[in-house]
Amino acid sequence: MKVIGAAYKQKMPGAQVLGGYSEGLFFSEKHKGAHNEAFFKSLDEALIDEMISAADGALKAVALAPEKANGVKMTQYLSKHGVRVMLGHCDADFAQTNAALAHGACGGVHVFNGMRGIHHREPGCAGALLLDSQALVEVIADGIHLHPAILQLIYRLKGQQKMALISDCINAGGLKDGEYQLGEMPIVVKGGVAKTHSGSLAGSTLTLEKAVKNLAELANIPLLEAINMASLVPATYLNMDKELGSIEVGKIAHFSLLDDAFKVQHANLFAKQIF
């Protein structure tokens, strides 16, 4: 948190650190994914205070499992301190998820992945997130984490305003197949798919321009809306849409150029460099 806080304030050149997103401390073992349960913590006010203090204004979001002890209480506490709460890597049922959403939670971590899914007698965490009109859902559109039909289902229920693309990309992104370390955990990348030795998905090797392409081609989502899901929607979530997220007079002109095949031709260009 201290390192993120320092990078956030330094405003270094290139890709900007827009804040910190804590994903990994407050999860349930049942849906831990590639997270090491040895590092899981209880939801504790003192620890939350320590994280907020160390980040020095940079902590923007914390992900947690709402069914954990103090889940709703700490959701309220984080929200009161201006930190957004996302729900995921959890076994929360429909009622538990709705309780957290009613007390300040903003949405769901890579929806359907790492959470209780939809059953016709128990809509689960995924069902609650999809039915809440205000909840943002993160989507990993790599064609592996979510079937194209599920991408279309999410889109029909959430629309373009509450569906945000994330990469969930790990350190193997852009590299060849092979063996890598995700923290202390050994993983194997085969065919671009990252998995733990036990067979669980371990993040992805996806990049966002490919995610946009996949939404348009696999789920038949309008291209402009898919682009917004990778730019304007997350900027709005961070309350930074007045300065980032779209090309508009008065905003920071920070964008990349892609060709018709979605290949990046120039990255992180400021308008003054090309006009």
Side-chain angles (χ1 to χ4, degrees), residues 23 30-34 63 65 86-98 101 105-170 173 189-196 198-234 236-237 258 260-262:
E23 186 198 334
K30 185 169 183 178
H31 292 286
K32 64 183 180 180
M86 296 293 280
L87 310 176
H89 285 285
C90 65
D91 195 38
D93 61 22
F94 187 72
Q96 290 168 326
T97 306
N98 278 327
L101 290 169
C106 296
V109 181
H110 40 58
V111 69
F112 282 106
N113 290 281
M115 65 177 60
R116 186 186 291 211
I118 296 175
H119 186 276
H120 56 283
R121 287 190 291 273
E122 170 48 64
C125 182
L129 290 168
L130 292 175
L131 288 173
D132 189 295
S133 63
Q134 298 305 307
L136 179 81
V137 293
E138 300 173 351
V139 172
I140 307 173
D142 59 356
I144 299 159
H145 282 77
L146 296 167
H147 189 280
I150 296 298
L151 291 173
Q152 182 62 226
L153 173 70
I154 296 168
Y155 173 68
R156 291 188 189 185
L157 286 168
K158 303 305 293 185
Q160 64 167 316
Q161 302 298 332
K162 294 297 180 179
M163 184 175 176
L165 285 173
I166 63 167
S167 69
D168 213 39
C169 188
I170 61 170
V189 177
K190 185 176 181 180
V193 180
K195 292 185 177 182
T196 64
S198 65
S200 295
L201 287 170
S204 81
T205 59
L206 180 70
T207 47
L208 283 181
E209 83 284 357
K210 294 176 183 176
V212 170
K213 182 175 186 286
N214 288 340
L215 279 192
E217 295 183 354
L218 297 180
N220 199 32
I221 290 173
L223 182 56
L224 178 58
E225 294 185 13
I227 291 171
N228 282 342
M229 291 174 193
S231 54
L232 187 58
V233 172
T236 302
Y237 167 75
L258 280 65
D260 290 341
F262 290 82

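As the structure is a computational prediction, the values presented were derived from the model and not from experiment.
- Side-chain contact check for C90 versus M115: some heavy-atom pair is nearer than 4.5 Å.
- The side chain to side chain donor-acceptor pair (under 3.5 Å) contacts involving residues 214-227 comprise Y155-E225, K213-E217, where partners must be two or more places apart or lie in separate chains.
- Separating the CG atom in L101 from the CG atom in D132 is a distance of 5.0 Å, to the nearest 0.5 Å.
- With sequence neighbours excluded, the residues forming a salt bridge (charged side-chain N to carboxylate O under 4.0 Å, His left out) with K30 are D91, listed by chain and number.
- In this structure, the separation between CG on L224 and CD on Q160 is 7.0 Å, given to the nearest 0.5 Å.
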> Passes side chain to side chain contact (heavy atoms under 4.5 Å, CB included), L258 versus V212? Steps please.
Replying inline: CA-CA 11 Å; L258 280 65; V212 170; over 6 Å; no
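- For the atom pair CG (L223) and CG (L215), the distance works out to 10.0 Å, reported to the nearest 0.5 Å.
- For the pair A135 and L129, the tightest heavy-atom approach, listed with the atom from each and the gap, is CB-O, 3.8 Å.
- The side chain to side chain contact (heavy atoms under 4.5 Å, CB included) search around S198 returns T196, S200, not counting sequence neighbours.
- Residue pairs meeting the salt bridge (charged side-chain N to carboxylate O under 4.0 Å, His left out) criterion with at least one partner in residues 155-170, sequence neighbours excluded, do not occur; the list is empty.
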Name every donor-acceptor pair, under 3.5 Å, that has one atom in a side chain of residues 143-151 and the other anywhere in the protein, sequence neighbours excluded.
residue: H145; atom: ND1; partner: D142; partner atom: OD1; Å: 3.4
residue: H145; atom: ND1; partner: D142; partner atom: OD2; Å: 2.8
residue: H147; atom: ND1; partner: A149; partner atom: N; Å: 2.9

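- Atom CG in D93 sits 9.5 Å away from atom SG in C125 (nearest 0.5 Å).
- Nearest heavy-atom pair, G199 versus K195, reported as atom, atom and distance to 0.1 Å: O-CD, 3.7 Å.
- Atom-to-atom distance recorded for L136:CG and M229:CE is 10.5 Å, nearest 0.5 angstrom.
- One finds the CE atom of M163 at 6.5 Å from the CG atom of L165 (value rounded to the nearest 0.5 Å).
- Counting only residues at least two apart or in different chains, ring-ring contact (aromatic ring centres under 6.0 Å, His included) contacts with residues 108-133 comprise H89-H110.
- Scanning all heavy atoms of the two residues, the minimum distance from I140 to S167 falls at CG2-O, 4.0 Å.
- With sequence neighbours excluded, no residue forms a salt bridge (charged side-chain N to carboxylate O under 4.0 Å, His left out) with E122.
- Residues satisfying the side chain to side chain contact (heavy atoms under 4.5 Å, CB included) criterion with A128, sequence neighbours excluded, are F94, T97, N98.
- Between L208 and A230, the shortest heavy-atom distance links the atoms CD1-O, 4.3 Å.
- With sequence neighbours excluded, the residues that form a side-chain hydrogen bond (donor to acceptor under 3.5 Å, both in side chains) with E138 are Y21.
- Residues passing the salt bridge (charged side-chain N to carboxylate O under 4.0 Å, His left out) test with K210, sequence neighbours excluded: none.
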